[in-house]
Amino acid sequence: MKPPLVPDALVERAARRLKVLGHPVRLRLLNALRAHGELSVQELMDLTEQRQANASKHLGLLAREGIVRRRKEGINAFYSIADPSIAGIYLLISNRLNEKAAEPDAAP
């Protein structure tokens with residue numbers, strides 16, 4: 001018998017984290033942070049083409065979940081990725097999606 005994907009005691013927390021990671025806007029924000037390192041909200045808005053309210057809402061959720069960290073400097077807020085395991089999760093998913101897309105019978 002194989003071990004569970006997630007221990008029963010962590011199922012709710014894991015599901016919440018996966019739900020947070022599953023939103024396209026949050027993925028775009030995380031892509032920008034991974035590519036550029038620490039960024040201000042304005043820089044993130046510019047890179048992801050999000051409005052301030054929308055970017056801040058998603059960044060707040062990512063921060064509450066411990067996925068990003070927030071640093072204040074005067075009136076500016078700067079964000080960076082706090083959880084290094086996030087890159088591995090997305091890389092596993094994107095690598096598998098690329099493999100599937102390369103299969104001859106893959107749907108467009």
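Membership of an apolar cluster is not assigned to Leu92, as no side-chain contact below 4.5 Å to another ILVMFWY residue is traced. Through direct or relayed side-chain contacts under 4.5 Å between Ile, Leu, Val, Met, Phe, Trp and Tyr, Leu47 connects to Val20, Leu21, Val25, Leu27, Leu29, Leu30, Leu33, Leu39, Val41, Leu44, Met45, Leu59, Leu61, Leu62, Ile67, Val68, Tyr79, Ile81, Ile86, Ile89, Tyr90, Ile93, Leu97.
Within the structure, the salt bridge (Lys or Arg N to Asp or Glu O under 4.0 Å) test picks out no pair touching residues 24-36 (sequence neighbours left out). The list of salt bridge (Lys or Arg N to Asp or Glu O under 4.0 Å) pairs with a residue in residues 84-94, not counting sequence neighbours, is empty. Screening residues 1-11 for salt bridge (Lys or Arg N to Asp or Glu O under 4.0 Å) gives no qualifying pairs among residues at least two apart or on separate chains.
Gly66 and Ala82 make their closest contact through O-CB, 3.7 Å (heavy atoms, listed as atom of the first residue, atom of the second, distance).
Side chain of Asn54 to main chain of Gln50: no donor-acceptor pair is present (N/O by atom type, distance under 3.5 Å, no hydrogens or angles).
Contacts of Glu99 classified as side chain to side chain donor-acceptor pair (under 3.5 Å), with partners at least two apart in sequence or in another chain: Arg96. Applying the ring-ring contact (aromatic ring centres under 6.0 Å, His included) criterion to His23, with sequence neighbours excluded, gives His58. Scanning for side chain to side chain donor-acceptor pair (under 3.5 Å) contacts around Arg13 gives an empty result, with sequence neighbours left out. Arg51 meets the side chain to side chain donor-acceptor pair (under 3.5 Å) test with no other residue; sequence neighbours excluded. Checked against side chain to side chain donor-acceptor pair (under 3.5 Å), Asn76 has no partners two or more places apart in sequence or in another chain. For Arg17, the salt bridge (charged side-chain N to carboxylate O under 4.0 Å, His left out) partners at least two apart in sequence or on another chain are Glu65, Asp83. Residues passing the salt bridge (charged side-chain N to carboxylate O under 4.0 Å, His left out) test with Glu38, sequence neighbours excluded: Arg71.
To the nearest 0.5 Å, atoms NZ (Lys72) and CZ (Phe78) are separated by 10.0 Å.
Within 6.0 Å of the CG atom in Leu5, the count of heavy atoms belonging to other residues, nucleotides or ligands does not exceed 12.
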